[in-house]
Amino acid sequence: MAVRSPAAGAKDYSRKPVPFTRVKVTDAFWAPRIETNRAVTIPFIFKKCEETGRVDNFAIAGGLMKGKYKGERYNDTDVYKTIEGASYSLAVYPDAGLDAYLDELIVKIAAAQEPDGYLFTARTADPTHPQPGIGAERWVEENVSHELYNAGHLYEAAVAHFQATGKRTLLDVALKNADLVASVFGPDKRHGFPGHQVIEMGLVKLFRVTGNEKYLDLAKYFLDQRGHDVKLTFYPPGSRFAIYNDAEQIQAHKPIFEQAEAVGHAVRAAYMYSGMADIAALTGSEDYVRAVDRLWDNVVTKKMFITGGIGARHERESFGADYELPNLTAYNETCASIGGAFWNLRMFLLHGDAKYLDVMERTIYNGLISGVSLDGKAFFYANPLEADATFEFNQGLKTRAPWFDTACCPGNVARFIPSFPGYIYATEGDALYVNLFVGSIATVDLGTCPVTVRQETRYPWEGKIKIIVEPENESEFAVAVRIPGWALGRPIDGTLYQYDQEAGIAGARRTADTARNEDARDVDRATLKVNGNSVALAVDKGFVRLERVWKKGDAIDLDLPMPIRRVVAAAAVKEDAGRVAFERGPLVYCAEGVDNRGRALDLEVAGDSSFAAEFRPGLLNGVVVLKGKAADGRAITLVPYYAWSNRGAGEMAVWIKKR
Ligand SMILES: [Zn+2]
């Protein structure tokens, strides 16, 4: 494999994430999750893929066994995503059995590839009787067929597998497929774009690993082509595919530079916006930067749930109108949260502003990890902000399910969790960004100087973070420490959510006057020290930049007090009127019936009621609960939102009535 050597002056993100392979997580919050994902979730999903015919589909299409294609036309992607997650896991946790299992799967996948590179088992298994929705011929119904969607997940899996194992087996399959797609689609060729985005990110990864600009050009072409001269296939009313009759659903209603509002299917949108950020960085196109910035502003100021979830409607799995943020019927697909994390990391890498990390952290710690149960083998498709013990919000269930007919979310969790350590740090030249606070040991190349960075912290339960910097040689560089928006009195950029100024902070009752007086909040202020000496909190774009000559053992102490905060939503969000949500640190809390006499929906809190935080080691794998009194004097216990519904189905509320 030729290692890519970028041409002089090649454009890319100014900042680079420190790869997850260089960051070993050692804490009590993420390390067990990563281990559960490795030991439980990945094998569990592979087993489900086998039981449901997803693996056999490859063998059948490849002529290795007889049988009929089973399931939905995009089922190949569940196998690809889990291979991607398994590869990330293998990269840091050698496992000969898993390695061999992936080899066996890849033999079947390679067998299913047609001689010219086409790979889509739903057609190849029986080309004369095409599955519903895939069209009579290749790509003729691409707005519905998911052929290019399947390809995109193949590319991401292939790059992960190559990087983890050094084997080209799956990468060669992916490149052969991408070469075919690039020979078919383009400005002077067939016109088209995927009905379900993801291939854009996949092609960028192929470009990064091969250096072949053809893949980058194709990713850009697919984005540029949206909203232009492509005829969509329309389905008769009553058809299960009729939802795709609307170009808005697949973000093809306008050229991307004219799209100012996030609309349509939220997962597709989040993947598309991530791809746009990649193209913005890799081409330096200001048009792309402006377009993706505008969409981010719309989502974050008008369409995002407090949990970081996106996609208000079950109907069509789509965004709602501005400020349409229902609680009971919030969709917030787990995949959309994962797409949101991809997108916000890229926006940070593009702009260097921590406001994107504020959204990313909010999403990851709340509406993303809620998608998987604590035991690693049950999943949410939808992540609502309220449950009434009646509405079957999770594909017909009222709690997490072990599997779905359309099983996009489990595989997405399986690939996100092991890659999470790659979200903690980034570098820009000889500057190190500390983006997230996770007990870990990282080895980072800063310019020419290798630096070991250790974080010691009990985050997200406590806000004390010690960062020990150990350059191999005494050396001058910058460490930019993120000061989260929540620690500066701002849940996210914009005014969609704000901390309730009238509510008590840290459980203490304050008058509106003192609460408005910033100086009165010294007790809640973040502080930063280097080797025991206080440093002024000069925050620029969400970071305090510490530039100095660093030597082995230098220590940064960041203290982020974690008062219990109440959040109010903008008045335009009708569903949250007269309600507050509780937060502590990066976590959003909720009331569950199981902790509150079976009821969560009728709880009311008074504006001056005090709440206290308490760590409960035996509850939900160890969580800080918030304890207080309802307006009627009865006790209320709140648990972190991500951990809800691990004790059976029941009532739940994030937004609680304020008396
Ligand atoms: Zn999903």
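We use all heavy atoms of the structure for the numbers below, so side chains are in, but hydrogens, waters and symmetry mates are not.
- Side-chain contact annotation: Tyr69 with Asp56, donor-acceptor N/O pair under 3.5 Å absent.
- With a 4.5 Å cut-off on side-chain heavy atoms, Tyr149 and Pro194 do not count as touching.
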Let me see the working for Asp103 and Lys167 under salt bridge (Lys or Arg N to Asp or Glu O under 4.0 Å), right down to the final yes or no. CA-CA 9 Å; Asp103 288 344; Lys167 297 178 195 175; 2.8 Å; yes
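- Taking the centre and axis of the six-membered ring of Phe379, the NZ or CZ atom of Arg400 falls outside the cone set by 45° and 6.0 Å.
- Remark: Glu156 engages Lys205 in a salt bridge, criterion side-chain N to carboxylate O under 4.0 Å.
- Checked against the 6.0 Å centroid threshold, Phe46 and Tyr101 count as a close aromatic pair.
- For the residue pair Asp375 / Ser373, a side-chain donor-acceptor distance below 3.5 Å is found, with atom types taken as modelled.
- Annotation: Phe222 is not in aromatic contact with Phe193 [ring centroid separation under 6.0 Å not met].
- Taking the side-chain hydrogen bond (donor to acceptor under 3.5 Å, both in side chains) definition, one finds that Lys254 meets it with nothing, sequence neighbours left out.
- Using modelled atom types and a 3.5 Å distance limit, the side chains of Gln249 and Tyr244 yield no donor-acceptor pair.
- A centroid separation of 6.0 Å or more is found between the aromatic rings of Tyr642 and Tyr365.
- To the nearest 0.5 angstrom, Arg268 atom CZ is 7.5 Å from Glu317 atom CD.
- Side-chain polar atoms of Asn298 and Asp322 form a donor-acceptor pair below 3.5 angstrom.
- A donor-acceptor contact under 3.5 angstrom links the side chains of Ser145 and Glu142, judged on distance only.
- Between Phe162 and Arg168, some side-chain heavy-atom pair lies under the 4.5 Å cut-off.
- Side-chain contact of His351 with Asp293: a donor-acceptor pair under 3.5 Å is present, judged by distance alone.
- Scored by the side chain to side chain contact (heavy atoms under 4.5 Å, CB included) test, Asp95 finds Arg38, Leu90, Leu98 as partners (sequence neighbours excluded).
- The side chain to side chain contact (heavy atoms under 4.5 Å, CB included) test applied to Lys220 returns Asp224, Ile279, Thr283, Tyr288, not counting sequence neighbours.
- Ion pair Arg240/Glu72 flagged as a salt bridge, since at least one NZ, NE, NH1 or NH2 atom sits closer than 4.0 Å to an Asp/Glu carboxylate oxygen.
- To the nearest 0.5 Å, atoms CZ (Arg208) and CD (Gln163) are separated by 10.5 Å.
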